[in-house]
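Keep in mind that the numbers below use all heavy atoms, side chains included, and drop hydrogens, waters and symmetry copies. Everything quoted here is computed from the prediction, not taken from an experiment.
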Amino acid sequence: MNKAFVRESDGDDDEELEPSLKLPSGTRNYITPGGHARLKSELEHLVKRERPQVVEIVAWAASNGDRSENGDYIYGKRRLREIDRRIRFLTKRLEIAEIVDPLRQGSNDQVFFGARVTVADADGTENTYTIVGVDEADVAHGRISWISPLARALIKSREGDSVRFQSPVGIREIDIVEVVYETLD
């Protein structure tokens with residue numbers, strides 16, 4: 001196929017890379033110190049290790065001659081674009097990151113960014129969530145983004161309060177059992 005008909009990425013689709021990580025306009029990119037360190041570590045790994053390895057493979061594959069049917073070259077170039085896109089994304093996110101240390105909240109019983117909150121449903125089932133930045137949310141580990149409906153309902157409430165929020169299964173009411181601030185891993 002002629003190169004004139006192939007659309008290369010122009011770099012404007014960084015937010016499309018991970019649409020679940022899109023920040024609402026006018027908001028800050030809050031992040032915990034641990035989340036910031038993880039993003040910096042990933043960026044450093046991509047820049048210093050993974051990208052140079054892929055560049056080496058692509059250079060070797062290009063030296064083999066015909067590139068049109070050279071799998072190492074084609075897939076290496078594709079992987080290089082993916083790495084470069086992720087590097088741009090991480091760089092932008094780190095530039096706008098505002099680090100918020102949960103330990104600065106002290107022994108506060110009110111829910112703010114960085115709080116680990118234990119909640120109980122009407123049937124008594126307890127769940128624990130930590131309110132973190134958009135880039136570090138991981139529901140499997142109980143880390144929810146501060147812009148999620150649950151986190152927005154919890155913020156500014158206190159131990160013993162009941163909160164209502166819109167969940168995917170409808171409106172739910174939960175009780176706040178405990179609020180703790182600690183260093184996140």
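- Of all the heavy atoms in S167 and R172, the pair that sits closest is OG-CD, 3.3 Å.
- A pairwise comparison of heavy atoms in N29 and I96 identifies CB-O, 3.6 Å as the closest pair.
- Around atom NE2 of H141, no more than 12 heavy atoms belonging to other residues, nucleotides or ligands sit under 6.0 Å away.
- Residue P149 comes nearest to Q166 through the heavy atom pair CB-O, 3.7 Å, listed as atom of the first residue, atom of the second, then distance.
- For the pair V47 and L43, the minimum side-chain heavy-atom distance is below 4.5 Å.
- Judged purely by atom type and a 3.5 angstrom limit, T91 uses its side chain to pair as donor or acceptor with the backbone of I87.
- Residues D138 and R143 are not paired through a salt bridge, judged by the lack of any N-O separation under 4.0 Å between the basic side chain and the carboxylate.
- Put simply, the side chain of R158 does not reach to within 4.5 Å of the side chain of I176, judged on heavy atoms.
- The CD1 atom of I31 lies 7.0 Å from the CG atom of L94; values are rounded to the nearest 0.5 Å.
- A 4.5 Å side-chain heavy-atom check between V55 and L80 finds at least one atom pair inside the cut-off.
- Note on ring orientation: taking the six-membered ring where Trp is involved, the planes of F113 and Y30 are tilted (angle from 30° to 60°).
- No side-chain donor from either of S157 and Q110 sits under 3.5 Å from a side-chain acceptor of the other.
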**Study point:** Residue pair R93, V134: steps toward the side chain to side chain contact (heavy atoms under 4.5 Å, CB included) verdict
**Key:** CA-CA 10 Å; R93 289 307 257 251; V134 174; 3.8 Å; yes
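- Taking every heavy atom of both residues into account, I99 and T32 meet most closely at CG2-C, 4.3 Å.
- Cluster annotation: Y73 is not connected to I57 through the hydrophobic network of ILVMFWY side chains, with a link wherever side-chain heavy atoms come within less than 4.5 Å.
- Side-chain heavy atoms closer than 4.5 Å link hydrophobic residues (I, L, V, M, F, W, Y) into clusters, and following such links, even through other members, never connects W60 to I74.
- V139 and V132 are assigned to two separate hydrophobic clusters, defined by single-linkage of ILVMFWY side chains at heavy-atom distances under 4.5 Å.
- Between R79 and E50 there is a salt bridge, with a side-chain nitrogen of the basic residue lying less than 4.0 Å from a carboxylate oxygen of the acidic one.
- Residues V119 and L154 form a side-chain contact, since some pair of their non-hydrogen atoms from C-beta on lies under 4.5 Å apart.
- What you find for A115 and V179 is that their closest heavy atoms are CB-CG1, 4.1 Å.
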Practice item. Give the intermediate values and the outcome of salt bridge (Lys or Arg N to Asp or Glu O under 4.0 Å) for residues R38 and E136. Key: CA-CA 9 Å; R38 281 190 294 279; E136 51 191 329; 3.5 Å; yes
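- The minimum heavy-atom distance linking W146 with I155 is given by the pair O-CD1, 4.2 Å.
- Around the CD atom of E56, the shell of radius 6.0 Å holds no more than 12 heavy atoms that belong to other residues, nucleotides or ligands.
- Under a hydrophobic-cluster definition in which Ile, Leu, Val, Met, Phe, Trp and Tyr are linked whenever side-chain heavy atoms come within less than 4.5 Å, directly or via other members, Y75 and L46 are assigned to different clusters.
- Y129 and V177 are members of different hydrophobic clusters when ILVMFWY side chains are connected at heavy-atom separations under 4.5 Å.
- Taking 4.5 Å as the limit, every side-chain heavy atom of L90 sits out of range of all side-chain heavy atoms of D135.
- Looking at N70, its side chain does come within 3.5 Å of a backbone N or O of A61 through a donor-acceptor pair.
- Separating the CD atom in E44 from the NZ atom in K48 is a distance of 4.0 Å, to the nearest 0.5 Å.
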